[in-house]
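Worksheet: one structure, shown below.
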2 protein chains.
Amino acid sequence: MHKAVRDLLSKMDRNDVTIPLIATEAGVTPSTIYRRWGDLQELLADVAVERLRPDAPPKDTGSARTDLEQWAEQYADEMASGPGRAMIRDVLSSVGADTRNAGKCCGYTREQLQVIADRARDRGEVFPDVEAVIDEVVAPIMYRILFDQAPPTSAKVLSLVERMLPARRAT
Amino acid sequence: MHKAVRDLLSKMDRNDVTIPLIATEAGVTPSTIYRRWGDLQELLADVAVERLRPDAPPKDTGSARTDLEQWAEQYADEMASGPGRAMIRDVLSSVGADTRNAGKCCGYTREQLQVIADRARDRGEVFPDVEAVIDEVVAPIMYRILFDQAPPTSAKVLSLVERMLPARRAT
DNA sequence: AACTAAAAGCAAATTATTTGCTTTAGTGAC
DNA sequence: GTCACTAAAGCAAATAATTTGCTTTTAGTT
């Protein structure tokens, strides 16, 4: 079912996919989908959460600073892209008891940052608390993407990272 | 029309309001609404943006620090409440060309913060740039509300504010 | 008053959603 | 292996929402 949705989303406008369409694509009857998910919103949210799950830990670039820089830039790019924004919207739009969907995404981010933080500790580097990174790097990026006309530039993302970390030693 | 939607939202579950219902409440035919707004999402977004517009400038409490503290606490409370969260969701869910809706909300916030900043300047106080306040206070609050299980506590909000401002002099 | 353009009404056609009932597929007991 | 039993899926009819073409009203202009 998830595959059918992904296929359709890649082929057509997000506003044109309907449950009967997905059912046909998946070779299934619509009522099956209605009974399992309730409505399109929930199904799309489900698919979006899956697609937002990182498929690999952040790249190890040798230092916490560059790890975080690269991770943050990639995160910002992915989330600010058309598909990225659509997925975030889908996740946030699923109603009712489900703060769980959005919570999962936040959880993925925490896990990724924790990997970077653990590596930093293992190297003996100082590194801020993951929650602080969420407040000072992740949150501003996401806020700009969701509410602002222009997504954060690469320079902006880097400046957020710099603010988190101890001053760079002169080369 | 907006009034009809507000009345219905106060009476019943958000997931049970439909366009035909709103049309009846407003004494209007459904096709009128479909033609003007396209779908329920857009109409709800429209109403939500209106309700999110502040009805007064931030209270003048005598100092930039307390102005910002009080504003931030009220902002966090309103946005984290059930209705607040629903309105944010409605605003973010409106699709298509409309980053405009979310942009308006961001604009309201900017205006409010600018009032506080201008007052601070008039008093001769130092005060950070509004964009920095958005990054370091507003964004973390909103991120926690949208993605985290628990909304930010009052203490958390205050600590975000403190970080923005020059150290408080000992009394 | 007559003309015009935009908005609203109306109703038929289409499409999506819900629901009761039937069928199928999978699981464990014997 | 076969027989119940359960959970999920199919099917189809009923209901509800959405779209659309066309007519009517409304408000503004001459």
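Numbers restart at 1 for each chain; the letters A, B, ... are given by sequence-line order, proteins then strands. What you see is a predicted model; the values in this text were computed from it and never measured. Scope of the values below: all heavy atoms of this structure, side chains included, with no hydrogens, waters or symmetry mates.
Counting heavy atoms from C-beta outward, A/Val17 and A/Leu9 have side chains that approach closer than 4.5 Å. Within the 4.5 Å cutoff, the side chain of A/Glu111 has no heavy atoms near those of the A/Val115 side chain. A heavy-atom distance below 4.5 Å is not found between the side chains of A/Gln74 and A/Lys59. Side-chain atoms of B/Tyr143 and A/Thr109, non-hydrogen and from C-beta on, do get closer than 4.5 Å to each other. Inter-residue side-chain proximity for B/Tyr75 and B/Gln112 is flagged as unmet; no heavy-atom pair is nearer than 4.5 Å.
When rounded to the nearest whole Å, the span between CG of A/Leu21 and P of C/dT17 equals 11 Å. In this structure, A/Tyr34 places its OH atom 3 Å from P of C/dT17, rounding to the nearest Å. Nucleotide C/dT18 holds its C1' atom 12 Å from the CD1 atom of A/Ile19, rounded to whole Å. Here the C1' atom of nucleotide C/dA16 and the CG atom of B/Leu40 are 15 Å apart, to the nearest Å. Taking atom CH2 of B/Trp37 as the reference point, atom P of C/dA7 lies 12 Å away to the nearest angstrom.
When heavy atoms are screened at a 4.0 angstrom cut-off, B/Arg35 is found touching base atoms of the nucleic acid.
Mapping A/Ser31 and B/Arg36 onto DNA chain C by nearest heavy atom places B/Arg36 closer to the 5' end of the strand.
Residues from residues 22-30 of chain A that place a heavy atom under 4.0 Å from any atom of DNA chain C: there are none.
Following chains of ILVMFWY side-chain contacts shorter than 4.5 Å, one can reach A/Val91 starting from A/Met87, so the two form part of one hydrophobic cluster.
What you find for B/Arg14 and B/Ala86 is that their closest heavy atoms are CD-CB, 3.7 Å.
Of the N and O atoms on the side chains of A/Thr66 and A/Ser63, at least one donor lies less than 3.5 Å from an acceptor on the other residue.
Reading DNA chain D from its 5' end, the first and the last nucleotide to sit under 4.0 Å from a heavy atom of chain B are D/dA17 to D/dC22.
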